[in-house]
4 protein chains.
Amino acid sequence: MGGIRARRKAERPGEILEAAFEEFVLKGFAATRLEDVAARAGVTKGTIYFYFESKETLFASTVRELSKPTHAALAEEESDRSADIQAYLQAYLNRLYRFIVDDQRSREILRLLIAEAGRFPELVDEHCRACMDPVIERLRVRLQDETAHGRIRPVSLPEAAEVVLGPALALNILLLMFANRRPLDAEKFIAAHLDLVLHGLLPGS
Amino acid sequence: MGGIRARRKAERPGEILEAAFEEFVLKGFAATRLEDVAARAGVTKGTIYFYFESKETLFASTVRELSKPTHAALAEEESDRSADIQAYLQAYLNRLYRFIVDDQRSREILRLLIAEAGRFPELVDEHCRACMDPVIERLRVRLQDETAHGRIRPVSLPEAAEVVLGPALALNILLLMFANRRPLDAEKFIAAHLDLVLHGLLPGS
Amino acid sequence: MGGIRARRKAERPGEILEAAFEEFVLKGFAATRLEDVAARAGVTKGTIYFYFESKETLFASTVRELSKPTHAALAEEESDRSADIQAYLQAYLNRLYRFIVDDQRSREILRLLIAEAGRFPELVDEHCRACMDPVIERLRVRLQDETAHGRIRPVSLPEAAEVVLGPALALNILLLMFANRRPLDAEKFIAAHLDLVLHGLLPGS
Amino acid sequence: MGGIRARRKAERPGEILEAAFEEFVLKGFAATRLEDVAARAGVTKGTIYFYFESKETLFASTVRELSKPTHAALAEEESDRSADIQAYLQAYLNRLYRFIVDDQRSREILRLLIAEAGRFPELVDEHCRACMDPVIERLRVRLQDETAHGRIRPVSLPEAAEVVLGPALALNILLLMFANRRPLDAEKFIAAHLDLVLHGLLPGS
DNA sequence: TATGAATGAGCTTTCATTCAT
DNA sequence: GATGAATGAAAGCTCATTCAT
C-alpha cells in the first residue's frame, strides 16, 4: 500500500508536464487541446486542473520545468578556465552547440518562446535571464579579461560577446525552421564558426 | 463608371491582408479571430471569405503578399560590387541590418514563420528560397571569388557565409523576443559584427 | 440585333428552372445552394432574384413547371376506351409505368415532394390534384362502370382503384430509394402486377 | 452511488435521439438545427457532441436506434403459419398495416430515408435489409410453397410478392404526403387490398 | 437586365473549464 | 485525488438576400 500507487501519484504532475510539452511543441499554445495532453499523460482532463490552474499556467509551468535541465547544464562551470582563449572558445562553443544540435528539447523550448513571446513576455524574460544571459555574461567577462591583458584585439563589449554567439543562435533557428527538410552540416558550421571568430576573414590582418 | 465603389473594391483584398497581418502578428495564427480581422479591415466576416478560401489561405496569402516588398528590396543589386571585400561587406551588412533593425514588418513575418513552421512548412521553404537564400548565395559567391584570388583566408563554403550572416539573424531574433523590453544597441552590435567578421578575435593572426 | 440575344433572354427563366431542378434533386431543398444553381444555369446569383422572389419560390416554380409535361401526358386520353377491361388495364398500367420506369424526372419530382412535404404542403396537394388524382379517378370511373355491368367482381370504390395502382407507386418508391444499387426487374414486376390485379392469387375463385 | 445524476446520464443518449428524431421529422436533415435538438432534449449543444460525432452521425444513429423496435416486431414469427393462404395473408397484411397505419414513427422513418436517400444510401440499404427484405422474403417463401402445392395460381417470384405488398407501401406514402389533409379510409383500403390480392378483378377467372 | 461585392444572421463544431460524484 | 459528463462561449465558415453599378 502506498508503494507503486504513491510513486505514480507523485509522478503525476511530471507526466502531465511531459505530455503537455510534446503537445505544445507539436501544435503551439492555442491549438493544443487539453484533452490531448490528458490522453497522452494517461489521465483525464479534470486531473490536469487538479494540478494546474489553467492552460496558461500549464504552459508556463511546462516551459519553466522542462528548461531546468538545460539551465543546470549551462550553469555548470566549463571545464578549463585556465586554457588560452582559443582553447577556451573551442570548448565553450562546442558545449553550446551540443545543446543546439543534439538537444531537440531545448530547441523546441526556444521555438515556443519565440512563437508565444506576445502572450508570455515575462516567461521569455525569465528564460533568457536563466538560460541565455549567463552564457553571454561569462563570455563577456572572459573577453574583457582577455582584452585587458592584450591577448585579443580590443572589442566593444558586451556587443562582441553577443556577436560571437550569434551564429549559434542562428543555427538554432535554421534547425527549427527546416526541421529535416534541408541539409545543414552542423559540424562544418561549428568549425567555420570557431575559425571565423578567431581569425576573421582578412588574412594576417 | 468605376466610382468610389470600384476603387474600394480593388483595394479590399489589400486592406484585408493588412488587417490580417496585424492581427496575426498580435495573436498568432490560432488565436487570431477572423472577426477581429474583419473589423480591423472595416468589412464583415463574410467579405473575407469572398476573397480568401479559409483562414489558412488568408495566413499564407498574408505572408506571401507582405513579404514581396522585402523580396524585391533584397533582390536589388547592392551598390558597389567592385569595391574590395571590406567595403563590400560593410555595405552588404549595413543593407541587411536595415531590414532587421528598421523594418519591423519583415521581422514579424519571420516570427510568424518560426512560430507556425509546423503548420506551414511549405510557406517557410518558399519564404527562405525567396528571401534568405539569395542573400546567402550572393555572399557565398563573393567569398569564393575572394578566396580564389587569395584576398581572404581560405574558408569552408557555404558554411562560412552562413556563419558570417549568423549574428544578423540572431539580432533579429533578439529584437523579436524582447520587443522593447531590453536595451539592445543595434548600431554597436552591427559595428562589432563587421569588426569581428573581418578581423577575428586574435590579434594579427 | 435581338436575335440570339433575345431568344437567350426569353429562355433564361427556363434554364434557371432546369438548373434548379437538377440541384434540388441532387441535394434537396435546404442543402441546395443558389450559387450552384446559378453556375449551372450560366448566370449569376443576382439573376435568379430577378426572376424569382426567393429560394422557396424557386423551388415551387421548379416543381410546378417541370411537372407540366407529366401532367399533360397523363391528361391525354388513353388510346382505347372501348376495349374490354383486361386490355384497358393493360394499356393503362403500361402507360403509367412508362412514367415511373422511364421518366426519371417525374420520379425525382415525387421524391422532392415526399421529402419536402412538411415545408410545402400546398405544393404536394397541388401536384396530386393535377397528377395523381385524375389517374385514379379515371380508373375509378371505369371500375364503377365495369362493376355496374357486372363485368368485374363488385369492389369497394374508390379504395379498389387506389389498391390497383398501389404497386406502381410502390415500384416508384423502390426505384427512388435504391437508385441503381439493387436489381429490380421492372418488366417482370409490371407483368406480375397486371396478372395479380386481374386474376388474384386464388385459382379459379 | 448512482443517484439521480447517474440515472440521467444513462438516459441522455436516448433522450437526445428522441429529440433529434422529432426535429428531423419536422424539418428534414439539412434544416434541422442542433440547437433545437439540444433544447428539446433539455441539454446544451455541446452535450450532443459528447455523445455523437457529428450531425450526420446523429441522424444515422437516430434512424438506426428508433427503427429497432420496428425491426424486432417485424422479425417476430406471425401467429399462424399452418393456416391456409387466405387466412395467412389476412393475418399477414393486417399485421403489416398496423405498422403503417398506427405507427407514425416507422412511417416517418421511411420518409426520412426517402428524403435523404441521396445523402445516406448505406442507411437506406441497411434499413431495407433489416426491415423490408425479411417481410418480402417470408411472403415469397410462402407463395413459392403454395405454388408448388398448386394451392394458388402459378406466379412469377419474387415479383409477385413485391406486387402483393405494393399497396401497403403505397398507403404508407399517401399517409406521409397528406398528413391529415386528405380523408383516407385505411380500413376500407386494407379490406380492398386483401380482396383484390386474393381474387383479382375478374369474376371466376 | 444583369452583375457580383457585400452583408449578417445563423450554422456546425470545438474546447477550456466546472463540479457532482 | 480523480473522474468525466456537462456547459457555454466562441470560432470558422456558409449562404440567402440585397443593391450600387
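Letters A, B, ... mirror the listed sequences (proteins, then strands); counts begin at 1.
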Rounded off to whole Å, could you give me the [atom1]-to-[atom2] distance for the [X] and [N] pair?
| X | N | atom1 | atom2 | answer |
| --- | --- | --- | --- | --- |
| A:F59 | E:dA16 | CZ | P | 14 Å |
| B:Y51 | E:dG4 | OH | P | 12 Å |
| B:R12 | E:dG4 | CZ | C1' | 13 Å |
| B:I48 | E:dG8 | CD1 | P | 14 Å |
| A:E15 | F:dA2 | CD | C1' | 14 Å |
| A:F52 | E:dA16 | CZ | P | 15 Å |

key: Side-chain donor-acceptor pair present, D:T57, D:S54, cut-off under 3.5 Å   = yes
Sidechain-backbone polar pair: A:K55 side chain, A:A30 backbone, donor-acceptor under 3.5 Å = yes
Stems where DNA chain F pairs, listed by first number, each of three or more Watson-Crick or G-U pairs under 3.5 Å = E:2-21 with F:2-21
Hey, can you pull the donor-acceptor pairs under 3.5 Å for the side chains in residues 37-49 of chain D, sequence neighbours left out?
from  : atom 1 : to    : atom 2 : distance (Å)
D:R40 : NE     : D:E23 : OE2    : 2.8
D:R40 : NH1    : D:E22 : OE1    : 2.6
D:R40 : NH2    : D:E23 : OE2    : 3.0

request  = Please name all residues satisfying side chain to side chain donor-acceptor pair (under 3.5 Å) with A:Q104, sequence neighbours left out, ordered by chain then number.
outcome  = A:E108
key: Those residues that, when tested against A:D125, pass side chain to side chain donor-acceptor pair (under 3.5 Å) (two or more places apart)   = B:R181
Throw together a table of side-chain donor-acceptor distances under 3.5 angstrom for residues 113-120 of chain C, partners on residues two or more places apart or in other chains.
from   : atom 1 : to    : atom 2 : distance (Å)
C:E116 : OE2    : C:F29 : N      : 3.2
C:R119 : NH1    : C:E56 : OE2    : 3.4

key: Spacing of CZ belonging to A:F24 relative to CG belonging to A:L17, to within rounding of 0.5 Å   = 9.5 Å
message = Within the 4.0 Å limit for protein heavy atoms, which parts of nucleotides 9-16 of chain F are touched? Write it as a string from 5' to 3', B for base, S for sugar-phosphate only, - for none.
response = -BSBBBSB
ask   = What are the two closest heavy atoms between D:F52 and D:P13, and how far apart are they?
value = CZ-O, 4.2 Å
